[in-house]
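First the proteins, then the strands, lettered A, B, ... as listed; each starts at 1. Because only heavy atoms are used, hydrogens play no part in the values below, and waters and symmetry mates are left out as well, while side chains stay in.
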Amino acid sequence: MNPIVKVENLDRVFDVSKPWLNRVIERQPKQFLKAVSDVSFEIERNSVYALVGESGSGKSTIGKIVVGLLGKSGGSVEINGVDLETETDRAKVDAVRADIQMIFQDPFASLNPRWRVRDIIAEPVAALGGNTDGLAERLLEQVGLSAADASKYPHEFSGGQRQRICIARALASEPKMIVCDEPTSALDVSVQSQVLNLMSDLREEFGLTYLFISHDLTVVHHMADKIGVLYLGRLVEEAPRDVLFASPKHPYTQMLFDAAPRMDGFGREVEPPKGEIPDAINPPSGCAFHPRCPLATDLCKQKQPQMRKHGDTRVACHMVE
Amino acid sequence: METPILSVRNLVVEIPTRHGILRPVDNVSYDIHAGEILGVVGESGAGKSMTGNAVIGLLNRPAHIKSGEILLSGQPIHSLSGDALRRLRGKRMGMIFQDPLTSLNPLLTVGEQLTETIMEHLDVSYAQALDRAVAALDEVGIPAARARINSYPHEFSGGMRQRVVIALALCAEPELVIADEPTTALDVSVQAQIIALLKRLCRERGVAVMLVTHDMGVIAEAADRVAVMYAGRLAELGPVRDVILNADHPYTAGLMASTPLASQGQKRLRQIPGSMPRLGQLPMGCAFSPRCEFAQDKCKQDPGPTRETCNGRAACWFPLSSTAKQEATQ
């Protein structure tokens with residue numbers, strides 16, 4: 001079966017230079033931040049692919065590139081075999097755009113406060129000239145709100161209810177794929193479980209595929225089928241969920257798992273990880289993780305490890321045998 | 001038994017508004033002993049931060065302490081004047097806020113902020129204060145402390161800034177530290193470092209720590225006892241292991257069951273229906289009763305007493321642990 005999303009050697013560079021006059025006066029060259037470099041992965045239909053990583057690891061940037069909110073600097077992203085940036089057939093582009101939707105992190109910032117819920121939810125369909133009669137009411141009931149809420153404004157809802165509205169909006173154009181960028185990190189635990197359960201139900205009902213972006217390992221463990229771990233813009237490990245959690249191979253993944261607080265870790269005393277995520281403008285040479293890595297050798301300092309297959313896992317580390 | 005460092009008795013905080021009086025903290029009591037970490041958990045709006053602010057005297061008008069007592073090592077501090085409280089704050093009570101960037105002054109170097117605090121509260125010369133400041137930075141794990149003491153806050157990373165805030169809270173050697181969501185703005189690996197640091201300082205110095213957070217994992221690993229808050233009231237208080245594994249209050253039990261656990265696999269999460277009521281629209285009886293699966297008529301009329309259970313204390317008519325249940329039926 002061909003994958004719904006195919007990302008190959010994706011690069012994204014941001015220009016973070018100072019204004020030109022400052023550069024002239026301070027004699028500084030242009031500065032570039034490589035947010036994503038050489039990332040390749042595929043998402044199978046009807047599965048949940050999760051991207052995890054700490055802040056600055058490029059996970060949100062990849063999500064935005066996949067839906068087309070950000071351009072890319074190199075590589076290719078194909079959705080259903082169509083590359084949105086190079087495709088010239090307008091009909092194909094429109095079809096793919098309707099097929100892919102996004103849920104954002106902050107339900108307070110991602111709903112227009114001056115629009116009624118009905119208009120917010122119908123927008124993805126209305127923008128493509130579709131029929132929106134009764135659409136919002138039907139979707140609201142599907143996400144656990146009432147049809148009467150359609151004529152209210154976003155401020156009348158709580159955080160969890162707003163996130164349900166965002167989900168209803170994402171479902172409006174009957175997409176096949178939804179990119180979820182930290183959909184529950186702004187919510188309280190008891191509301192988070194409601195939203196996660198809703199997302200699992202909708203996935204079964206509509207045969208959806210999720211690209212799930214999160215920093216919370218327990219949530220990722222709960223939702224994902226396959227997980228990609230990012231560090232400083234690079235994919236360092238990718239594996240099916242059970243394989244990854246049972247035997248993380250990359251030292252960074254192991255460090256992340258050890259550091260995550262556990263509900264059953266009463267009085268757990270662990271040696272906390274050393275150091276912090278380095279500066280992305282001047283990343284370390286070779287493997288970006290080597291300054292913090294307990295296994296690092298000279299090779300790691302010089303040569304960037306490539307992704308290699310180890311059973312079901314793909315891992316980018318010189319030391320994994 | 002020795003006097004607890006912090007003792008909060010029947011604390012009530014009120015905010016008068018046009019639509020009536022709100023009670024963000026309602027009849028809350030707890031103790032923290034020396035060398036103990038008390039975790040305070042709850043959802044947003046449950047009153048966790050408000051309790052911390054009331055203790056340290058940082059309530060913003062019109063919020064004020066309506067009744068109840070706050071005792072610091074046995075000495076009442078809830079009725080102290082602003083000036084007297086100012087002398088206690090920093091010296092006997094330290095505070096660590098959530099966002100390390102906004103709790104440091106961006107225009108002063110880290111050294112200036114530390115020495116200012118030390119000289120305000122301890123009778124030392126500038127040179128001694130500077131030495132103490134370097135030692136404080138050293139203790140919280142900032143490399144090359146003497147060189148970095150002249151840096152400004154923006155020159156530090158998020159994790160290092162939070163270390164500076166901790167150094168600032170601890171530099172006058174307080175008895176009590178209130179940490180309000182100290183790791184929420186940080187990444188997982190840095191969070192682990194900060195929690196390990198807090199635990200070490202608490203153990204070595206015998207400081208009493210009130211750790212306010214919404215992350216149950218952090219509580220499980222760091223706290224000795226937990227207080228669970230719901231809609232301004234203390235739902236349950238007890239040793240961390242008992243509260244997490246065998247909750248007495250249905251709200252705590254629901255909270256634990258709705259947290260995804262690695263050991264459960266992808267089983268459907270249990271969910272608590274609805275969301276926490278707003279303070280202006282609290283139900284008459286137990287605030288949790290509209291969402292509670294065990295609620296009965298009694299719960300809807302009377303909030304019920306806070307009673308001793310085998311775990312500790314729970315504010316529920318029908319606590320879940322078996323012995324307490326028998327008492328309730330008798």
Side-chain angles (χ1 to χ4, degrees), chain A residues 48 52-57 144 157-161 184 186-198 200-201 215-225 241-242 245 252 255-279 292, chain B residues 41-46 141 157-160 183 185-197 199-200 213-224 239-241 244-245 251 254-276 278 291:
Chain A
V48 179
V52 284
E54 298 179 275
S55 46
S57 61
F157 297 91
S158 68
Q161 289 170 325
T184 60
L187 306 177
D188 279 318
V189 188
S190 72
V191 180
Q192 165 175 289
S193 63
Q194 295 169 4
V195 171
L196 291 179
N197 281 343
L198 173 68
S200 303
D201 294 345
H215 67 277
D216 189 332
L217 289 168
T218 52
V219 170
V220 165
H221 186 277
H222 183 76
M223 292 295 287
D225 297 316
R241 172 180 56 115
D242 293 331
F245 278 88
Y252 174 65
M255 187 205 85
L256 208 59
F257 286 2
D258 284 341
R262 291 195 207 124
M263 286 266 290
D264 50 2
F266 303 114
R268 196 167 66 114
E269 297 283 343
V270 283
E271 185 62 24
K274 292 186 180 60
E276 292 175 33
I277 200 161
D279 182 9
R292 302 170 74 185
Chain B
V41 280
E43 298 177 80
S44 36
S157 68
M160 286 297 160
T183 59
L186 306 173
D187 277 322
V188 184
S189 60
V190 181
Q191 164 172 294
Q193 295 168 358
I194 298 293
I195 293 296
L197 172 67
K199 276 161 82 172
R200 180 170 65 83
T213 177
H214 66 271
D215 188 329
M216 292 310 303
V218 169
I219 289 286
E221 295 200 352
D224 300 305
V240 63
R241 192 181 287 268
I244 288 183
L245 297 179
Y251 170 65
L255 200 62
M256 299 308 152
S258 56
T259 311
L261 265 183
S263 52
Q264 283 175 342
Q266 283 181 301
K267 228 169 48 185
R268 230 180 124 74
L269 295 170
R270 218 181 96 189
Q271 54 187 58
I272 311 177
S275 54
M276 198 166 69
R278 294 196 188 168
R291 300 173 75 189

Considering only heavy atoms, which portion of [X] lies under 4.5 Å from any heavy atom of chain B: side chain, backbone, both, or neither?
X: A:Met263; answer: both
X: A:Ser55; answer: both
X: A:Asp201; answer: side chain
X: A:Gln192; answer: side chain

Please classify the contact between [X] and chain A as side chain, backbone, both or neither, with a heavy-atom cut-off of under 4.5 Å.
X: B:Met160; result: both
X: B:Ala222; result: neither
X: B:Asp215; result: side chain
X: B:Arg270; result: backbone
X: B:Ile244; result: side chain

Name the option with the most non-hydrogen atom pairs under 4.5 Å to chain A; the candidates are [options].
options: B:Ile272, B:Leu255, B:Ile195, B:Leu186; result: B:Ile272
options: B:His214, B:Glu221, B:Gln193; result: B:Glu221
options: B:Leu245, B:Ile219, B:Val190; result: B:Leu245

Which atoms form the tightest heavy-atom contact between [X] and [Y], and what is the distance?
X: A:Ser190; Y: B:Ser258; value: CA-OG, 3.8 Å
X: B:Pro260; Y: A:Thr218; value: O-CB, 3.5 Å
X: A:Glu54; Y: B:Val188; value: OE2-N, 4.0 Å
X: A:Pro273; Y: B:Ala192; value: CD-CB, 3.9 Å

_B:Arg278 atom CZ, neighbour heavy-atom count above 12 within 6.0 Å_ = no
[atom1]-[atom2] distance between [X] and [Y], expressed to the nearest 0.5 angstrom:
X: A:Ser193; Y: B:Arg268; atom1: OG; atom2: CZ; answer: 9.5 Å
X: B:Thr259; Y: A:His222; atom1: OG1; atom2: NE2; answer: 11.5 Å
X: A:Leu187; Y: B:Ser44; atom1: CG; atom2: OG; answer: 9.0 Å

*Got A:Pro261 and B:Gln191 here, is their nearest side-chain heavy-atom distance under 4.5 Å?*
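Yes - at least one pair of side-chain heavy atoms lies under 4.5 Å apart.
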_Among A:Leu256, A:Leu217, A:Asp188, A:Asp279, residue most engaged with chain B (heavy-atom pairs, under 4.5 Å)_ =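 Max contact count across the listed options: A:Asp188.
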